[in-house]
Peer 1: 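Pasting a structure below so you can have a look.
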Protein chains: 2
Amino acid sequence: MAQADFILGEFKRKLDERYRLSIPTEFVESLTEQGEELILVKERPGCLSLWNSNQWQGKLDAGVNLVRAKIEAGKLAGRVAEVQLLGRLLSTRQRQIKLAAKNRLSIPEGFREFLKAEPDSELMITGAAVCVEIWRHDAWLSSLEENIPQFQGLLDQLSG
Amino acid sequence: MAQADFILGEFKRKLDERYRLSIPTEFVESLTEQGEELILVKERPGCLSLWNSNQWQGKLDAGVNLVRAKIEAGKLAGRVAEVQLLGRLLSTRQRQIKLAAKNRLSIPEGFREFLKAEPDSELMITGAAVCVEIWRHDAWLSSLEENIPQFQGLLDQLSG
DNA sequence: TCTTATTTGGGCTGGTTTCCCAGTTGCAGT
DNA sequence: ACTGCAACTGGGAAACCAGCCCAAATAAGA
C-alpha cells in the first residue's frame with residue numbers, strides 16, 4: 001500500500017441483488033495488501049467508508065485510549081451515560097470485513113439500512129484521500145453540491 | 001514544453017463512439033513532453049480542461065502536497081474528516097490521464113456526464129493560453145457570445 | 001501529382017464487472 | 001430432532017470495456 005499517496009478517483013458501480021459490489025482494483029491495491037482485512041465504517045449518512053485496518057486502528061485508538069485513560073483516572077465518573085453511548089456507537093459503527101474473490105464486497109446487514117441502498121441501484125465509489133467511500137448516488141450528488149464551493153477555502157485551511 | 005508561450009488556436013473534432021478524440025499535435029507538444037501524464041479537470045460546465053501536470057501543480061498540487069506532508073507528519077490527525085472531504089472533491093474534479101497512441105484522449109466515465117457530450121458529436125478544442133480546453137460545441141458558442149464583448153476590457157485590465 | 005503526416009474507424013485481446021446457478025448455513029416451526 | 005424456507009457464499013460464464021494496434025481516409029506539403 002502506497003501510504004504516501006492520496007486515494008483519488010471515482011467509479012460508478014451497481015449493487016447486485018445480494019447486496020454485493022466489486023471494488024475497483026486500483027482502490028483495493030491502494031488500500032491493502034492482498035488478503036488483508038478491511039474496516040467498513042458508517043461515518044456519514046448515505047455513505048460507507050472503507051479503511052485499511054491499521055490506519056483505522058491508529059485513528060481510533062488514539063481517541064479511545066484517551067477516554068480509557070480518563071476513566072481510569074476517575075475523571076469521567078459523572079458521565080457514565082456518555083461513555084455508554086460511546087461504547088454503543090463503537091459497536092455498530094464499524095466492522096471488519098474481507099473482500100471475496102474478484103474484489104467483491106458484500107455489504108453486511110445493518111450497513112445496508114444505513115446506506116439505504118436498494119439492490120440493483122447505482123453506487124458511486126470514490127477515493128477520499130485516506131480511505132475509499134461508497135456513496136448512494138443521490139447522496140453523492142447532494143454532498144458534492146454542498147461542498148464544492150468550499151473547495152479552495154478548505155485547501156487553504158488544511159495547507160496553511 | 002515551451003513554458004513561455006501561450007497555447008492558442010482552435011480545432012473542431014469529433015467524439016467517436018468510444019468517447020475518444022484526438023488532440024492536435026500542436027497542442028500536445030505545447031502541453032507536455034511525449035509520454036508524460038496530463039491532468040483532466042472539470043472547471044466549467046460544458047467544458048473539460050487539459051493541463052500540464054507541473055503547471056497544474058503550481059495552481060493546486062503545491063497545496064495538496066503540503067497537506068500530504070502534514071499528514072505524514074501526523075499534524076492533521078485531528079482533522080481527518082476535512083482531509084477526507086478534500087480528497088472527495090479532488091476525486092471528482094480532476095484526474096490524471098495519459099494520451100493513447102496518435103495523441104488520442106479517451107474521456108473517462110464521470111467526465112462524460114459532466115461534458116454532456118454524446119458519441120459522434122462535434123467538439124471544439126481550443127487553446128486557453130495556459131491550458132487546452134475541450135468544449136461541447138453549443139457551450140462553446142454561447143460562451144463566446146457571452147465573453148467576446150469583454151475582450152478589449154479584459155486585455156486592458158490585464159496589461160494595464 | 002506524389003509523398004507524408006494526421007485523423008478517424010474498427011478489430012482484437014485481456015482484464016473487469018455483472019449475472020446466474022448451486023451448495024451451504026442458519027433459523028423457525030412442527 | 002427433522003424439515004423447509006430464506007439468506008449467504010462461492011465460483012463459473014457471459015458481457016462489457018479499455019488499451020493496443022493496424023488500416024483507410026483525409027489533409028497538408030513538396
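Note: hydrogens, waters and symmetry copies are ignored here, and every other heavy atom, side chains too, is used.
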Peer 1: Hey, are the side chains of B:Leu60 and B:Leu90 touching, using non-hydrogen atoms and a 4.5 Å cut-off?
Peer 2: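 In short, these two side chains touch, coming nearer than 4.5 Å.
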
Peer 1: For nucleotides 14-20 of chain D, which of its nitrogen or oxygen atoms have a protein nitrogen or oxygen under 3.5 Å away, and what is each distance?
Peer 2:
residue, atom, partner, partner atom, Å
D:dG19, O6, B:Arg18, NH1, 2.9

Peer 1: Could you tell me whether B:Lys42 and A:Glu10 make a salt bridge, using a distance below 4.0 angstrom between a side-chain N and a carboxylate O?
Peer 2: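 Salt bridge present between B:Lys42 and A:Glu10.
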
Peer 1: Side chains of A:Leu15 and A:Glu118: closer than 4.5 Å at any heavy-atom pair?
Peer 2: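 No. Closest side-chain heavy atoms not under 4.5 Å.
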
Peer 1: In Å and rounded to the nearest 0.5 Å, what is the CG to CG distance from B:Leu50 to B:Leu99?
Peer 2: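 One finds 6.5 Å between CG of B:Leu50 and CG of B:Leu99.
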
Peer 1: Parallel, tilted or perpendicular, judged at 30° and 60°: which one describes the rings of A:Phe27 and A:Phe11?
Peer 2: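 A:Phe27 and A:Phe11: perpendicular rings.
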
Peer 1: Can you work out whether A:Leu15 or B:Ile23 has the more 5'-proximal nearest nucleotide on DNA chain C?
Peer 2: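 Nearest nucleotide further toward 5': that of B:Ile23.
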
Peer 1: What is the distance from atom OG of B:Ser121 to atom CZ of B:Arg136, rounded to the nearest 0.5 Å?
Peer 2: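 Those atoms lie 8.5 Å apart.
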
Peer 1: Kindly indicate whether a cation-pi arrangement holds for B:Arg93 with A:Phe151, taking the cut-offs as under 6.0 Å to the six-membered ring centre and within 45° of the axis.
Peer 2: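 Yes; both conditions hold, so B:Arg93 lies above the ring face of A:Phe151.
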
Peer 1: Go through residues 131-140 of chain B and report each residue with a non-hydrogen atom lying under 4.0 Å from DNA chain C, sorted by number.
Peer 2: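 Of all residues in residues 131-140 of chain B, none places a heavy atom under 4.0 Å from DNA chain C.
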
Peer 1: Rounded to whole angstrom units, what separation is found between the NZ atom of B:Lys12 and the P atom of D:dT26?
Peer 2: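 Between P of D:dT26 and NZ of B:Lys12: 16 Å.
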
Peer 1: From A:Leu105 CG over to A:Ile97 CD1, what is the distance, rounded to the nearest 0.5 angstrom?
Peer 2: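 Reported value, rounded in 0.5 Å steps: 4.5 Å.
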
Peer 1: Atom CD of A:Glu17 to atom C1' of D:dC8: distance rounded to whole Å?
Peer 2: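 A:Glu17 atom CD is separated from D:dC8 atom C1' by 12 Å.
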
Peer 1: Taking any atom under 4.0 angstrom from a heavy atom of chain A, which nucleotides of DNA chain C are the first and last to qualify, 5' to 3'?
Peer 2: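 Under 4.0 Å from chain A, the extent on DNA chain C is C:dT16 to C:dC20.
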
Peer 1: What's the separation between atom CH2 in A:Trp140 and atom CD1 in A:Ile125, rounded to the nearest 0.5 Å?
Peer 2: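 A:Trp140 atom CH2 to A:Ile125 atom CD1 measures 11.5 Å (nearest 0.5 Å).
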
Peer 1: Remember a base hit wins even if backbone is also touched, and classify B:Asp16 as base, sugar-phosphate or nothing at under 4.0 Å, heavy atoms.
Peer 2: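 Counting heavy atoms under 4.0 Å across all strands, the contact made by B:Asp16 is with sugar-phosphate only.
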
Peer 1: Quick one: pull up CZ in B:Arg13 and CD1 in B:Ile134 and give me the separation to the nearest 0.5 Å.
Peer 2: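 One gets 11.0 Å once the value is rounded to the nearest 0.5 Å.
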
